[in-house]
Each structure stands twice: as structure tokens, then as C-alpha cells.
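For reference, the structure discussed in these notes is given below.
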Amino acid sequence: MAITVDRKPLTFWEKLYLPAIIGGIKVTTKHAWNTLIKGKVVTMEYPEQKWTVPDHYRGAPYLVKDQEGHTKCVSCQLCEFVCPPKAIRITPPGDTGAKADRTNAEKMPAEFEINMLRCIYCGFCQEVCPEEAIFLQKDYSLVGTSRAEMIYNKEKLLSLGGEVGGIQKWKNKLEEAKAQENFPVKL
Amino acid sequence: MDWNFIIFSLVKLAIIVGVVQGLVAYSVLAERKISAWIQDRVGPNRCAPPFAKYIPVLGPLLTRWGMFQPLADGLKFMFKEDFTPAGVKKIYFFLAPAVAVIPAMLTVAVIPFGSVMGNQKMVLADLNVGILYTFGIVSMGVYGIVLAGYAANSKYPMFGGIRSSAQMISYEISMGMSVIPVLLIVGNLNLSHIIGWQATNGWMVLYSPISFIIFMVASFAETNRTPFDLPEAETELVGGYHTEYGSMKFALFFLAEYSNMVSSSAMMVTLFFGGWTLPFWGLDHPANSIGMGIAHILVFMAKMLFFMVVFIWVRWMFPRFRYDQLMDLGWRRFLPLALVNILITALWLWMRS
Ligand code: SF4
Ligand code: SF4
């Protein structure tokens, strides 16, 4: 059914467009005054002023080291497998390659490359990693002058990633286990 | 042949064209800055040639104000590829920008932008029929737009062209009618005489405020500025009559629009706000020294810039009129009002005499 919207005919005063003109002048001068005199602008002048990145932000994925500066990644290649745009390429050490530089691990990648031009910052790699070795960090403005430069290798990723103390995984597991023990099981 | 006249005219011509072009360039900047302020933004503040940062204080300040932006805009237009879309009517397509820009530049010729300097009158052509000339030229401006709309051979520019022809013709009538009271009061078509009359009797806007209002609204419509920018309504017509244009040809339409703004402001100042005169500091009679001559030009420029700012300001104040509202306003409100205005002025003059 068609709905008819009642439109009130304009009064004589409104037909002169004067209220609209006065209103327009008021609004525009108020805003111009606020920006010019009070300096209230909404523009963020980007390279000088930077945005505070929220904690849950998903920026560029980097590899992290443990508290002793050892590589946490064990070259399981799960992230390579899960990465939707295939941005990650891992070269495993093979039989002859270097052994892991930390205890509790068998191997570490010989090479680990992330193509930052392909990465879509989905966070799957962080989610899938069993060793908590890769994290999406807060970098959002990655700049390079060539495509090759935008493929970050293991060394670069590790140096950009920094350290993450302890392996949280075991702590989380412990808490989970405790929570299960305390769980009031109904029989 | 009077060589003196030719040389001085050429010099004045060069200066006027230069000043108008400069005004156009910087009114684009003003447009961007004022719109930014009204919308809580900062506007262009980055663009600068590499040497600007070595000038202490002034360099960064000018950059901050965007003073180099018009240069960059100009360069951008010049170096863009001059693309001709397939299917356009070539001759008209090339002709239209010229037809739009030439009348826009021509109107400035009759406007007295100052009194005298030395023994030169500060007007390019001191015509006896100054106002008639202006209206004649201004009404030619519509052809550029209609031609552009037709030449583009595509429907949205066509709509733009059609709308502008209807709009401009309607408002030209109100505009022409609105200045008749002015002419009745002064009794002369020469713009210099109109200014002279205002210098002795006070500004015309006090005698005929309705004329001024109609003239101002009509000049908004004539220059295709909001709230009457129907020919280039982006939201409805993509880009209006210049949709298919790019690079320098598009820039010429831009130039035409802003030159029209300059000449409309100049006309308003001349007809209603006393031109280069000010009622105090002895600025109301033709200058007898170079300094006073310059002061007159500055007064004129200041008044004109005020109206330019009004033009720009209004653009960020109002939404666009609907087409029928536009026609209604032109034919059913302003035209009768202008006619009544003429009648009343005539009666008033008749009673006084
Ligand atoms: S964030 Fe997503 S796209 Fe980027 S590397 Fe990780 S899995 Fe691949
Ligand atoms: S980063 Fe994590 S998921 Fe990827 S290979 Fe290394 S350990 Fe495996």
C-alpha cells in the first residue's frame, strides 16, 4: 500500500528562505570559528601526529624470540599452510640444516619469508601457531621501494618482532586444566 | 593612430588578465580552505616547492596556508594527458571550453577597477553602454556550457547543458530587470558614471536593496554556484556538462566559472557598493596622485574579495535547489518582484521630479 507522507506547506516566513539562510550562516560561522579560533579540527596530520593503535590491532605479522633470544618458531609450517593468500614461505632445515637454537625444539626454519604485499593481516598464522612464535604486531605503514623489498626474511622478521617472555601456551594450558579440575562435575 | 592609447591599453589588458587569472587560482585555494574550516578540517597545507623550507618562518607559514597549492593545481592540469573520448563531436568538443572561457574573461573589460592613475583611466573600455555590454557577453557564457553538454555525446552532460540553458536564460531576465531601477536612478549606462553618482549620493544598495538581492541571487545562478549548481550537480549528473572533459580543457571550464565569479563580484561592487569609492578619507573623488590611485584599486579589490568570500561561503551553506524550485524562484518570485521594483522606483522618481 502506498503511504502518503503529509508535507506541511511552507509558511510565508519559510518561503522567504530567511530562516534557512540564517540557520546556514549560524552553523557555518560556528564551525569556522571553532576550527580557526579554537583550533578544534578533526583532521589528524598523519606523519606528524600518529594514531594510538588499539591493543587488539592486527598489524604486520612478525616472528618473535623467547626471553633468551632464541627463535621460537619450530618450522612446523602450519602457518604457511593456513595462510589464505599464501604470503608465507618457509624453507625447512632438512636433514643437514642447523638444529634448533633452543631446548624443547627439534628444528627451526632455515628461511622464513612473509610477503607483506600479499599478507591480508587476517591473523590466522598467529592463531594456528603451536609455539606462539608469530604475532600480528602494531605496524601498519610498511614502506618499500620495490616488491623484493617488501618480502621480509627471517632475520628481518625476528628483529622486528622482538621478544615475548615465556611460552604462554603452557600457562594457559595449566589454567585450563585447573579450571577443569575445579569444575563441579555433576554425577 | 594613437600609439599612447594602444600601449597603455595593452599594459592594462596584460595586468587585468594576469590579476584575474591570479584571483581565479587563489579563489580555488580560498574555496578549499574555507570549505575546510566550515567542515572542521585544515585544508591544503603540504604542497610546497623544495626551496620553500629554506626560507625561515615565511616558507613554512606559506606552506601551511597552502599558498603554493594553486601552482601545483595548475601544473597538474597542464601535464595531464589531454584525452578525447571516442564518440564526441570533435569540433564542438574543442570549441566549447573556449566559448565558455572567452565571455567570462571579456566581461571584466568594462569594469572600472580604480579611478585614474597619472592620466590613465583605470578601466579597459569606458563604454557608454557598459551594462548592456556586460549582459550581452554574460548571456554568451551559456553557449559554452550547452555546447559542452552537446559535444560530449553522452546523456549526463546533455542533461547538464539543458538544465543550464534553462536556468541561465530564466535568471538572466531577473538579473536584467533587477538593474533597471539602478539605471533609472542614475540615468546612465556607463559604469564609471554609476560609480560617480554613488560617490556623491551614497551607495546604490541603500536606494535599491531589492535590486541588489535579486542581482546577487541571479548572479549565483549565472555562475552556476550552489545553491543553483544544477548543471554540474555531481550527485545527479556525474559531473554535469564537463563530465567528459579532462586536463586543460576541464581547467578552462573551471577558469570560466571562477572568472564569472570574479566579474559578478566586480559588477555587484560597481553597481551597488560604490565601486572604488569609500565615503571617507577623501577616497570618493578621482585620484590626483599615484598613491590615491593605488588606494582606489585596493578599495575595489577589498570589496570584490568580500563578495568572492560570500560566493564561496554560500556554497558550503546551502544544499542545491530542486529543478522546479529553481524555476519557481526565478519566474514566479524574482521576475514579479523585479517588475514591481521597477514600477516603484519609477513612481518614486516621478513623484520627486
Ligand atoms: S596474517 Fe594472514 S595473510 Fe598475513 S601472513 Fe598471517 S596468515 Fe598469512
Ligand atoms: S611460525 Fe609457528 S606455525 Fe609458523 S612454522 Fe613457525 S612454529 Fe609453525
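The sequence lines fix the lettering, A, B, ..., with proteins before strands; numbering per chain opens at 1.
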Whatever's closer than 4.5 Å to a heavy atom in chain A on B:I34 counts as neither

Practice problem: May I ask you to check whether over 12 heavy atoms, not counting those of A:F124, lie within 6.0 Å of atom CZ? | Solution: no

Distance col, row A:H31:NE2 vs B:I38:CD1, nearest 0.5 angstrom, shows 9.5 Å

* To do: Report, as yes or no, whether the 6.0 Å neighbourhood of atom CD on B:Q325 holds more than 12 heavy atoms from other residues, nucleotides or ligands.
  => yes

Residues, nucleotides or ligands: over 12 heavy atoms within 6.0 Å of B:F159 CZ
no

- Query: Is the shortest distance from a Lys or Arg side-chain nitrogen in A:E45 or B:R41 to a carboxylate oxygen in the other one below 4.0 Å?
  - Reply: no

Under a 4.5 Å cut-off applied to non-hydrogen side-chain atoms, are B:V42 and A:T43 in contact? yes

Take atom CD in A:E106; do more than 12 heavy atoms of anything else shown fall under 6.0 Å from it? no

Would A:T28 and B:W37 satisfy side chain to side chain contact (heavy atoms under 4.5 Å, CB included), going step by step from the backbone distance to the final call? CA-CA 9 Å; A:T28 46; B:W37 295 332; over 6 Å; no

The interface call for A:V42 against chain B, heavy-atom contacts under 4.5 Å, is both

Neighbour count above 12 (heavy atom, 6.0 Å) for A:Y46 OH: yes

More than 12 heavy atoms from other groups under 6.0 Å of OH on A:Y57 = yes

When rounded to the nearest 0.5 Å, the distance separating CZ of B:R333 from OH of A:Y17 is 5.0 Å

So for atom NZ, which belongs to A:K138, do other residues, nucleotides or ligands contribute more than 12 heavy atoms lying within a distance under 6.0 Å? yes

Comparing A:V27, A:I21, A:N34, A:T29 against chain B, the one with the most heavy-atom pairs below 4.5 Å turns out to be A:I21

Within residues 305-321 of chain B, contacts to chain A at heavy-atom distances under 4.5 Å involve B:W313, B:W316, B:M317, B:F318, B:F321

